[in-house]
Each structure stands twice: as C-alpha cells, then as structure tokens.
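Data block below; observations after.
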Amino acid sequence: LILWTSMLAAYARQGHTKEAEQLFGAMPVRDLVSWNTLLDAYGRNQCVRKARQVFDLMPEWDLVAWSLLLVAYARQGYLDNAKQVFDSMPLRDLVSWTSLLTGYSHQGSLRRAKMIFDLMPERNLVSWTALISAYALHGDFQHVRGLIGLLPELNIVTCNAILAAYVEENTISEARNLFAAMPHRNVVSCNVMLAGFAQTGDVQEAERLFSLMPEVDVVSWTSLLAVYGASFRVDKAMQTFELMPERNLISWNFMLAAYAQKGLLEETFQMFDSIPERN
RNA sequence: UCGUGAACUACACUGA
C-alpha cells in the first residue's frame, strides 16, 4: 500500500493526473493517505472540479484532506470557496491557516492575508515567511524590514524570501550581503540572485554566479538567457537557449523577446512558429 | 523504521 501510494504521489508531483487516476483505480487496497494523494494529484494540477469529486467520494476526511481541498481552491484563485472550506473544517491547524493566508496574498489581498495572520492562534516560521512574501508582493518593503526583526528563527526558505524582497526592491547590495551571509544556499537562492543581475543587466555577475552554481534548473538557464537578451547579446542568448537541457514556455518567451527587441522580425516569427506548445 | 497537505525564485497575456 505504501509503495503504491508513493508512486501515486510521484505522479501527482509530476502532473501526471491520468496515470495517477489509473494507478488509484488499480490499487487493491486504499486508505486515507492514498485518497488524499489522489485528491492532491487533481488539486495541484488545476483540476479543482475533480478534486472536489474525490473529496466527496472519500470515505472519511482528516486535516490533510481538508487542507488539500482548501489549497486546490486557493491555487485556482477561488478564495471564496477556499474560505468556505476553511470555515467548514471541523478542526484547523497551522497548515490550514497558512494556506488561506497565502491564498489571499497571491490573490493580491494583503489586507486579508494580514488579518488571517493576526487571527491565527499560533504561528511558525512558515506563517511568518508567508507574511513577508505577502508584503514583498505588495511592494511594501518597509514592513518586510520590520518583520525581519521579529522572526523567531531563520531557515533557507525564509532567507530566500527576504532575498527576493531585496531583489524586487532593487537593493542589490543588500541582497548580495544576505546571500553571502547565508549559512546555506540552494538553487532558489541562486536563481533569486540571477534574477537580480538580470534586472540590473549585470551580465558578468550573472555568468560568474551561473558558472559557480553546483546545480542549475530551467529557471537558472532561463535567467541567464534573459540577461543576454536584455543586453542585446542575441547570439549568446541563442547559444544558451540551445544548450539548455529543457525549455519551457517562459524560456521561449525570453528568446522571442531577445529577437524582437533587436528588431529581428523574421527570426522572431520563425521562432514563434517553432514553439512546440503555445499559449 | 515507512507513503499524503501550508511558506521562497524567472516571462507575457487576460480577467476582477
């Protein structure tokens, strides 16, 4: 059962909803955790309707099931539904509160996010980080700074959120200081800095950081490509584009922008036509 | 001893 459910979770994470559905259908036994995992497979892949159906079909519900449904609605921007779920839950924990907070924040309602934070019966580093990101998203860096002093502790995700706020605010020197002072960095920390260099058009720093990164992902590659594009180095941008082990629509978009910015209309159209999947 | 949920990173568009 545990093995089956682990596979189910893997499908859910990779967005293989169909496979998850089939696997679940073929499972000889199911328990609450496997039901929850199926619910998650739909919820995190934009199938809120299906997620709701699974929820209604489940033999029983625990906090995880309720949270998964809440998050499924919140991720799609259905905050009214998310709030309804929140209100209907027999019990709420830190996860439910923080999920609602993040939902409001991403929807742009800083006021409600803050209200949830104030109403929460308890808070942990995750809730604090969610609030920091909410303020940063709103462009309220004064509050971000104020919150930093109130943090009970720091971890890498929280540092990354602060780092991103500095970059967003365009205070690159502060970002650099924090980046250097962090006890650990991961690929997200580096990607945030790369985005900062892209913002300031600092090709050299971006190249240097990229070459030093122990691990890069599609975001890192795309940021590097973006730096070249922004500095009109279409050749380098293209070279990077071809070197990337995987591309997504965002990478294609930056490459298009690189050509378009240079006025290379013919190339832009050609590239547009070769995008495997357009939106 | 084990499988499921919340916080951090890149583009454009559209809606409220």
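Because the structure is predicted, anything quoted here is derived from the model rather than measured. In what follows, every chain begins at residue 1, and chains take the letters A, B, ... in the order their sequences are listed.
- A pairwise comparison of heavy atoms in A:D87 and A:R92 identifies O-NH2, 3.1 Å as the closest pair.
- Residue pairs meeting the salt bridge (charged side-chain N to carboxylate O under 4.0 Å, His left out) criterion with at least one partner in residues 111-136 of chain A, sequence neighbours excluded, are A:K114-A:D118.
- Atom CG in A:L1 sits roughly 8 Å away from atom C1' in B:G3 (whole-Å rounding).
- Legend: residues meeting side-chain contact (heavy atoms from CB on, under 4.5 Å) with A:S189, ordered by chain and number and at least two apart, are A:I156, A:N160, A:L163, A:F179, A:M182, A:R185, A:N186.
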Scan nucleotides 4-6 of chain B against the protein and return all N/O pairs shorter than 3.5 Å with their distances rounded to 0.1 Å.
residue	atom	partner	partner atom	Å
B:U4	O4'	A:T37	OG1	3.2
B:U4	O2	A:N36	ND2	2.8
B:G5	N1	A:D93	OD2	3.0
B:G5	N2	A:S67	OG	2.5
B:G5	N2	A:D93	OD1	3.2
B:G5	N2	A:D93	OD2	3.2
B:G5	N3	A:S67	OG	3.4
B:A6	O4'	A:S99	OG	3.4
B:A6	N1	A:N124	ND2	3.2

Side chains of residues 259-271 of chain A: which donor-acceptor pairs under 3.5 Å do they make with residues two or more places apart or in other chains?
residue	atom	partner	partner atom	Å
A:T268	OG1	A:A260	N	3.4
A:T268	OG1	A:L264	O	2.7

Could you give the side-chain donor-acceptor pairs of residues 1-25 of chain A under 3.5 Å, partners two or more places apart or in another chain?
residue	atom	partner	partner atom	Å
A:T5	OG1	A:L1	O	2.7
A:S6	OG	A:I2	O	2.7
A:E21	OE1	A:Y42	OH	2.5

Might you list the N or O atoms of the protein lying below 3.5 Å from N or O atoms in nucleotides 11-16 of chain B, with each pair's distance?
residue	atom	partner	partner atom	Å
B:C11	O2	A:N253	ND2	2.5

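- Remark: the A:D217 side chain and the B:A10 base include no donor-acceptor N/O pair separated by less than 3.5 Å.
- With sequence neighbours excluded, the residues that form a side-chain contact (heavy atoms from CB on, under 4.5 Å) with A:L110 are A:A134, A:Y135, A:H138.
- Near-neighbour residues of RNA chain B inside residues 168-206 of chain A, defined by a heavy atom below 4.0 Å, number-ordered: A:V188, A:N191, A:V192.
- Under the rule for a side-chain contact (heavy atoms from CB on, under 4.5 Å), the partners of A:N81 that lie at least two apart in sequence or sit in another chain are A:Y73, A:Y78, A:Q84.
- For A:D62, the side-chain contact (heavy atoms from CB on, under 4.5 Å) partners are A:L32, A:N36, A:V64, A:A65, not counting sequence neighbours.
- The hydrophobic cluster around A:L137 extends to none of the other residues, as no ILVMFWY side-chain heavy atom falls under 4.5 Å of it.
- Whole-Å rounding puts the A:I132 CD1 to B:U9 C1' distance at 16 Å.
- Residue pairs satisfying the salt bridge (charged side-chain N to carboxylate O under 4.0 Å, His left out) criterion with at least one member in residues 125-153 of chain A, sequence neighbours excluded, are listed as follows: A:R145-A:E169, A:R145-A:E174.
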